[in-house]
Enquirer: 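Input: one structure, supplied below.
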Amino acid sequence: MFFKLILRNSKRSRKENGLFFSSLLVAVMAFYVILSLPRQDVMVFLSQMESDAVEKLLTLIPAFYGMTLFLLFFLIYYASRFQLERRRHEFGVYLMLGMRRSRLFVLLLAEDFGSSILSLALGLPFAVLLSELISLITARLVGIGIIEHQFSFSFRAMLWTAAGFFLVKCTASLLLSGRISRQEIGSLLTEIPEGAKRQMPSCVYVVSLLVGMLCLTAAYALAIHGEAWTHIRFMGLTIVLGLLGTFLVFWGLRLLMGFFIRKGNHDRRLHTFDFRQIQETLIRRFGTLALCSLLILAALCCFGAGTAVFRYYENAASHVLDYTFTDTNASDVRRTLAAYRLDTMFQDLFEMKTGRVRTTEDIEHVFDTEPLLAALRSMDSSRDRDVLLNNLSYASSPYLIPLSCYNRLLAAAGQSELVLHPGEAAVYMNQEDTAQGRVQLLNRILETEPLTSLDGDALRLTGKVQGADLVTDRSITLSFALILPDENFVYYTQGEYDIFVNGILNNRTTKHTSLLSAISEINEKLDETGLSYESYLQNMGRQLFFQTASSYLTIYLAVIFLIIANTVIGVQFLMSQQKTLRRYRTLVRIGAEYEVLCKSARRQIHWYFGIPTVFAVFGSLFGVRALFTGILTSAARSHLSEMMIVSAAMISALCMVEYLYITAVKRSSDRCLLGLMIPKREE
């Protein structure tokens with residue numbers, strides 16, 4: 001009989017609290033996915049290319065796991081307390097019928113244990129499937145190839161998921177079950193009304209709203225302009241201003257609810273009742289709503305910024321070169337490759353030369369940058385202009401690149417070749433670390449073909465700023481260089497220059513397999529030749545690392561924050577509705593129909609979810625922009641408009657999750673109101 005009671009109560013609790021149960025399932029899946037990250041194809045591949053960076057990333061996972069367990073504990077404690085509070089009368093009846101307090105304690109623990117087992121039994125299989133699906137999609141996007149994918153199941157991830165989930169569930173259940181079982185029968189059978197909150201004068205709430213908005217404006221300004229990212233105390237000030245501003249705004253919102261009550265559509269049924277309910281909730285629960293809004297804000301910022309950064313790194317690089325051989329020349333590379341029968345795998349091999357001016361001993365001041373600096377000073381003041389002024393002031397000892405080598409690179413990339421006459425030069429800058437705005441400023445100057453000098457010889461700068469990657473390995477970059485005709489390059493370098501041999505694979509080599517797999521196989525063969533080389537995998541490894549770090553972790557945090565915030569809001573609304581059931585019963589007695597009550601409750605739900613969500617969505621546009629200021633390179637910040645569009649689209653998509661939560665709470669509310677349609681006597 002006792003066992004049947006446990007099963008019946010567990011089943012009823014899951015049915016009545018489907019929102020909470022679904023949130024636990026999603027949390028289980030999120031835990032497994034993040035903990036199984038080391039076993040996924042992309043991470044296995046990255047561990048070979050970027051082992052140090054991957055190791056640092058993986059060491060962060062336990063910290064994220066522990067933090068989310070801490071947050072999940074409060075979600076479970078809060079939602080479980082709501083469930084138990086709804087059943088206070090039931091527990092009192094159990095004690096009245098003779099159930100011992102220890103048996104009631106065991107009953108509550110057993111019910112919770114059963115729901116936990118079911119959550120894991122349903123969540124873990126879906127988590128494994130979701131992890132495999134994510135691994136397949138990621139492998140396809142980054143070019144590893146689905147054929148090379150291998151099914152992976154992480155027993156360690158499953159064990160830690162179950163252990164962490166049981167830990168927080170059991171801890172919350174022990175605390176709440178002990179609290180309920182120790183209460184007196186009379187207190188369980190009697191509803192405990194909430195105490196009234198003292199109202200302040202209207203001017204206090206006006207000041208609260210204004211001060212809150214000023215604090216939020218200051219916080220976003222500090223983050224967007226970059227001051228918050230310069231020092232820990234500025235970051236602390238930004239966070240404090242943001243938190244203080246949010247709580248002050250929500251504390252003052254009760255004044256706006258009073259305005260809607262007075263100025264709203266009084267012809268609509270239960271208009272005043274609806275807004276009185278919302279106003280009362282804002283008065284009693286403003287702190288919880290403010291905290292939930294901050295969690296939704298964090299979720300939107302993580303998801304929007306993480307997705308945009310993922311898209312940027314996916315599209316930022318144009319792949320041209322597959323290999324760069326160092327410490328040799330093209331002839332030696334061809335002979336070595338032919339000896340090992342690897343020459344047929346390459347479509348093209350060409351040299352890339354770089355050197356310094358060797359016609360004088362004072363190589364630190366051979367290039368006159370004053371014409372460029374003077375042209376910049378005449379332009380309108382801006383951050384890009386000031387940074388470019390500073391950078392060019394150190395460009396008096398540039399690297400030199402021969403025109404023929406650079407044209408071979410442009411031809412391989414399918415671009416038009418440069419044309420330079422004797423005494424002319426083109427400017428080369430590494431655009432990976434140079435903002436687009438600075439490149440545009442320099443292009444405006446180059447349109448005038450300024451006359452400068454190199455080691456005392458007149459030199460005219462022409463064309464546009466060039467930025468194609470000279471070699472495969474991006475760790476070898478030139479911040480500023482001059483592209484010269486070959487005869488000028490030979491003269492100024494005096495034959496002292498570095499040679500890199502760039503290689504491009506044949507289409508036949510990658511026809512029946514993915515590019516990354518082909519390069520991995522060729523690397524094994526090249527290791528036997530003794531040639532020093534860098535492959536596209538090194539660049540791809542760094543790029544994939546940033547993609548993985550920005551996508552997996554930020555989306556994981558977004559899911560956790562969104563689950564916690566929406567579950568707390570939904571549970572809090574249903575709790576408030578449960579405490580005000582007498583008001584709904586009174587409405588039923590005076591003739592209110594079921595449809596009217598449902599519409600009234602749904603309007604309240606829209607406002608109840610809408611206030612923190614709209615506040616978070618509006619703030620996320622500034623929050624994402626602030627994150628971009630702190631985490632993006634100068635070159636990436638030049639694509640802010642495109643990245644903001646991607647972020648806005650992702651934020652809009654994530655808002656659909658809010659709609660699903662609202663729908664679930666509406667259904668729970670409708671079921672609760674349906675039980676009131678049969679009037680009962682209250683003695």
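Computed from a predicted structure; not experimentally measured.
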Enquirer: Describe, in one word, how the ring planes of Phe250 and Phe615 are oriented to each other, choosing from parallel (under 30°), tilted (30 to 60°) and perpendicular (over 60°).
Expert: perpendicular
Enquirer: Hey, does Phe73 have a side-chain heavy atom less than 4.5 Å from the side chain of Leu69?
Expert: no
Enquirer: Are side-chain heavy atoms of Leu176 and Tyr77 found at a separation under 4.5 Å?
Expert: yes
Enquirer: Are the side chains of Tyr661 and Thr567 in contact, using a 4.5 Å heavy-atom criterion?
Expert: yes
Enquirer: Heavy-atom count check: over 12 atoms from other residues, nucleotides or ligands less than 6.0 Å from Lys599 NZ?
Expert: no
Enquirer: Yes or no on side chain to side chain contact (heavy atoms under 4.5 Å, CB included) for Lys169 and Phe165, after CA distance, side-chain angles and deciding distance?
Expert: CA-CA 6 Å; Lys169 280 281 282 177; Phe165 185 75; 3.9 Å; yes
Enquirer: Within a strict 4.5 Å, meaning less than it, do heavy atoms of the Val28 and Phe126 side chains meet?
Expert: no
Enquirer: Has Ser620 got a side-chain atom pairing as donor or acceptor with Val617's backbone, closer than 3.5 angstrom?
Expert: yes
Enquirer: Within the distance-only criterion (no hydrogens, no angle test), does the side chain of Thr663 pair as donor or acceptor with the backbone N or O of Tyr659 below 3.5 angstrom?
Expert: yes
Enquirer: Heavy-atom distance under 4.5 Å between the side chains of Leu289 and Phe609, does that happen here?
Expert: no
Enquirer: Kindly compute the distance separating CD1 (Ile569) from OH (Tyr608), expressed to the nearest 0.5 Å.
Expert: 7.5 Å
Enquirer: Does Tyr584 have its ring centroid less than 6.0 Å away from the ring centroid of Phe273?
Expert: yes
Enquirer: Got Ile662 and Arg602 here, is their nearest side-chain heavy-atom distance under 4.5 Å?
Expert: no
Enquirer: Evaluate the criterion side chain to side chain contact (heavy atoms under 4.5 Å, CB included) for residue pair Tyr32 and Val128; output intermediate values, then yes/no.
Expert: CA-CA 8 Å; Tyr32 179 83; Val128 174; 3.8 Å; yes
Enquirer: So do the side chains of Glu658 and Leu562 get within less than 4.5 Å of each other, counting heavy atoms only?
Expert: yes
Enquirer: Do His606 and Lys666 have side chains that get closer than 4.5 Å, going by heavy atoms?
Expert: yes
